[in-house]
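What follows is one structure encoded as structure tokens, with my remarks underneath.
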Amino acid sequence: MNTQKAPSLFLLIFVLAASVLFAQPKLEKKPKLVVMIAVDQFRYDYLNQFSDQYTGGLKRLLTQGAVCDNAHLAHYPTVTAIGHATMLTGATPAFSGIVGNDWFDREEKKTVTSVSDSSVKKLGGAPGEGASPHRLLVSTVGDEMKMLGNSSPKVIGISLKDRAAILPSGHMADAAYWYDTKTGDFISSTFYFNELPQWVRDFNSRREAVKFAGARWNGNASQLPSASDSKLFSAIYSSPFGNDLLEKFVEEAIQREKLGQRNTTDLLTISFSSNDAVGHAFGPDSSQARDITLHTDRTFERLFAYLDKTVGLPNVLIIFTADHAVAPVPEKNQERKRPGGRLAGSQIVSAMQSALEAKFGPGKWVISTAGTSPYFNYELIQEKKLDRSEIQKIAAQSIAEQPHILRVFTRDQLLLGQVPSERFSQRVVRSFNARRSGDLEILLDPYWILSSSSSGTTHGTPYLYDSHIPLVFMGPNIKPGRYPEEVILNDLAPTLATILRVGTPSGSIGRVLSEMLQ
């Protein structure tokens with residue numbers, strides 16, 4: 001061998017090896033439209049459980065998309081507002097500030113929702129307080145698209161729920177629209193514009209909701225009211241036809257806003273809320289849950305067909321996910337000889353109140369609760385010159401002694417991260433926001449739910465039956481297939497930001513899912 005050529009040969013081999021080792025996916029041209037679709041309370045196992053019955057959009061996603069088989073929520077509680085805030089921020093509640101659907105605001109001295117905003121007004125629908133993303137503390141992918149400044153992308157959020165339309169689309173969205181169950185109209189707020197766009201008013205004037213009067217579903221076992229009033233509009237929300245109505249409005253938005261039909265990339269976030277209402281009422285094992293899931297498959301296909309006609313499906317990046325899953329109905333679990341049951345929230349509050357009164361005297365020691373998290377009366381504590389840490393410990397002990405309580409974490413423990421290292425406790429600590437979270441976080445035993453009702457079910461725990469969600473990417477730059485590695489919902493935002501070549505949202509903790517990029 002020529003020893004003089006050896007160093008050059010070794011150098012060439014090293015350069016070639018390094019180029020393979022550190023190669024990044026070379027992305028094709030950016031999509032004309034990104035459509036992020038969330039289905040409220042859609043469990044991951046629905047993808048497999050009904051797969052042989054899908055003939056439409058869900059089948060298309062499963063066969064043409066990159067399917068993450070082990071996607072989970074990394075936060076607690078697993079509720080709508082937090083899930084939707086996570087999707088396009090990649091942030092946990094500790095940083096996003098969205099710690100629940102609602103919480104007690106100590107500055108405002110009242111319970112607020114994740115999007116309530118007294119500084120803006122509702123546009124359309126029944127009178128009421130306006131809504132905006134002003135409580136969201138971090139940026140979204142849509143915000144990063146807007147801030148790039150070298151194009152004029154449109155960012156629009158649409159859902160039946162206000163929080164599900166507002167939180168994914170972000171601070172700089174051109175619009176967010178949601179449904180008013182009292183009037184059957186789609187509405188917005190003055191945060192976005194001074195009056196509803198003409199096309200929205202035109203859509204509302206057609207009274208599309210009224211067309212569902214008397215409609216049947218669940219094998220004709222369920223029927224909507226025939227009268228065209230608030231009872232019908234509310235019933236639509238709690239049936240598969242709520243998703244159909246939303247899809248009609250989405251088509252109108254795509255057409256009238258020319259989404260994906262301009263010289264830039266637009267972002268449309270859609271959240272189908274009716275699945276959540278049906279799931280709460282009947283549970284994931286019900287015929288109603290199966291019916292609305294199969295109905296969703298067909299609704300998706302209508303949407304995809306419309307996107308193909310107007311934008312061209314090869315130009316559309318579709319992302320499908322959910323904000324949370326749901327627990328089985330406790331009584332159904334008991335039939336299966338599995339654990340589970342119902343615990344009244346009043347029982348928890350009563351235990352704390354009694355313990356604190358016995359130790360420190362009478363007074364309203366708990367001024368509010370959000371889910372399983374109580375807020376203590378700081379003014380009373382200060383008036384009696386007591387130590388907040390002592391109040392936390394005594395209250396926590398009183399709850400821990402109750403049946404079906406797994407763990408109780410105090411504010412002090414969460415601030416210092418003094419919790420077990422396993423995944424469920426870590427989901428609690430990474431979701432604690434010192435300004436907005438309560439003074440305790442309470443975990444019930446698995447399959448136990450807070451419920452004052454004797455029927456239906458709910459979600460909110462860190463356990464896998466509430467955290468396992470679908471996550472599917474389909475379209476330009478995506479390599480189809482099944483991906484078994486565990487990922488988290490927080491990975492969605494940085495992955496999308498990489499595809500679009502925009503900044504990663506400010507609070508993101510996720511990683512780029514480079515394995516599925518072409």
Side-chain angles (χ1 to χ4, degrees), residues 31-44 46-47 54 56-68 71 73 80 83-88 140-142 155-161 163-170 173 176-179 240 242-254 259-260 265-276 279 292-308 310-311 313 315-325 469-476 478 489 491-493 495-496 499-500 516:
K32 293 182 179 180
L33 177 63
V34 176
V35 180
M36 193 212 73
I37 302 173
V39 176
D40 204 316
Q41 203 191 112
F42 195 104
R43 291 167 53 119
Y44 163 79
Y46 291 163
L47 288 181
Y54 295 145
L58 287 171
K59 180 179 180 179
R60 187 193 294 260
L61 286 165
L62 287 171
T63 55
Q64 300 179 22
V67 182
C68 297
L73 305 178
T80 297
H84 282 86
T86 301
M87 292 170 189
L88 292 183
T140 63
V141 172
V155 177
I156 295 176
I158 300 173
S159 178
L160 297 183
K161 293 182 180 179
R163 55 189 179 269
I166 291 169
L167 294 172
S169 53
Y177 303 104
W178 54 96
Y179 178 69
N243 290 342
D244 290 343
L245 179 62
L246 185 77
E247 195 274 334
K248 287 177 178 287
F249 186 79
V250 166
E251 286 190 13
E252 192 81 3
I254 293 168
L259 298 178
T265 299
D266 296 321
L267 172 62
L268 174 63
T269 74
I270 311 167
S271 182
F272 292 94
S273 308
S274 294
N275 303 64
D276 184 64
I292 195 171
T293 302
L294 298 181
H295 201 111
T296 301
D297 174 56
R298 299 190 292 273
T299 302
F300 274 22
E301 190 59 25
R302 286 197 300 275
L303 173 61
F304 294 167
Y306 188 79
L307 286 168
D308 195 31
T310 54
V311 183
L313 211 53
N315 300 311
V316 182
L317 174 61
I318 295 171
I319 304 167
F320 166 54
T321 190
D323 51 349
H324 54 74
I469 56 168
L471 181 59
V472 184
F473 289 71
M474 183 180 76
I478 301 302
L489 181 59
D491 298 332
L492 193 167
T495 301
L496 179 56
I499 293 172
L500 298 181
M516 66 173 59

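The structure presented is a predicted model; accordingly, all values stated were derived computationally and were not measured.
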Would you check if the side chain of Asp266 reaches a backbone N or O of Gly260 as a donor-acceptor pair within less than 3.5 Å? yes
task: Test side chain to side chain contact (heavy atoms under 4.5 Å, CB included) on His84 and Ile166 and set out the steps.
output: CA-CA 9 Å; His84 282 86; Ile166 291 169; over 6 Å; no
Where do Gln41 and Thr80 land on the side chain to side chain contact (heavy atoms under 4.5 Å, CB included) test, with the steps shown first? CA-CA 8 Å; Gln41 203 191 112; Thr80 297; over 6 Å; no
Any side-chain heavy atom of Ile158 sitting closer than 4.5 Å to one from Leu246? yes
Smallest heavy-atom separation, Phe473 atom then Ile478 atom, equals O-CG2, 3.4 Å
| Phe300 side chain near Ile37 side chain, heavy-atom distance below 4.5 Å | yes
Check: Are the side chains of Tyr46 and Asn275 in touch, meaning some heavy atoms are under 4.5 Å apart?
Finding: no
Kindly determine whether Leu496 and Leu317 satisfy side chain to side chain contact (heavy atoms under 4.5 Å, CB included), including the steps that lead there.
-> CA-CA 9 Å; Leu496 179 56; Leu317 174 61; 3.7 Å; yes
Across all chains, not counting sequence neighbours, the salt bridge (Lys or Arg N to Asp or Glu O under 4.0 Å) partners of Glu252 are Arg206, Arg256
Interatomic distance, CG@Asp308 vs CG@Asn315, rounded to 0.5 Å, equals 9.5 Å
When every non-hydrogen atom of Ala71 is compared with those of Leu471, the smallest separation belongs to CB-CB, 3.7 Å
In terms of heavy-atom contacts, Leu47 and Pro470 come closest through CD1-CB, 3.7 Å
Between Met36 and Leu88, the two heavy atoms sitting closest are SD-CG, 3.7 Å
Separation between CG (Leu500) and OG1 (Thr265), nearest 0.5 Å, reads 6.0 Å
| task | Scan side-chain atoms only and decide if Ser273 and Asp40 contain a donor-acceptor pair under the 3.5 Å cut-off. | result | no
CD (Glu251) and CG (Leu303) are apart, to the nearest 0.5 Å, by 7.0 Å
Here the pair of heavy atoms bringing Thr140 nearest to Ser169 is OG1-O, 3.6 Å
Value for CD1 (Ile499) from CD1 (Ile319), rounded to nearest 0.5 Å, stands at 6.5 Å
**Prompt:** Is any side-chain heavy atom of Arg163 closer than 4.5 Å to a side-chain heavy atom of Ser271?
**Reply:** no
Within the structure provided, determine whether Phe304 and Leu61 are in side-chain contact (heavy-atom separation under 4.5 Å). yes
Here the gap from Ser159 atom OG to Tyr177 atom OH, rounded to the nearest 0.5 Å, amounts to 14.5 Å
| query | Under a 4.5 Å cut-off applied to non-hydrogen side-chain atoms, are Asn243 and His295 in contact? | reply | no
### Query
side chain to side chain contact (heavy atoms under 4.5 Å, CB included) between Val250 and Tyr306: does it pass, once the steps are laid out?
CA-CA 10 Å; Val250 166; Tyr306 188 79; over 6 Å; no
- Query: Does Leu259 reach the side chain of Val311, with side-chain heavy atoms less than 4.5 Å apart?
  - Reply: no
The reported gap from CD1 in Ile469 to CG in Leu489 (rounded to nearest 0.5 angstrom) is 4.5 Å
Residues Met516 and Cys68: closest non-hydrogen pair is CE-SG, 3.5 Å
message = Do Tyr179 and Phe249 make a side-chain contact, defined as non-hydrogen atoms from C-beta onward lying under 4.5 Å apart?
response = no
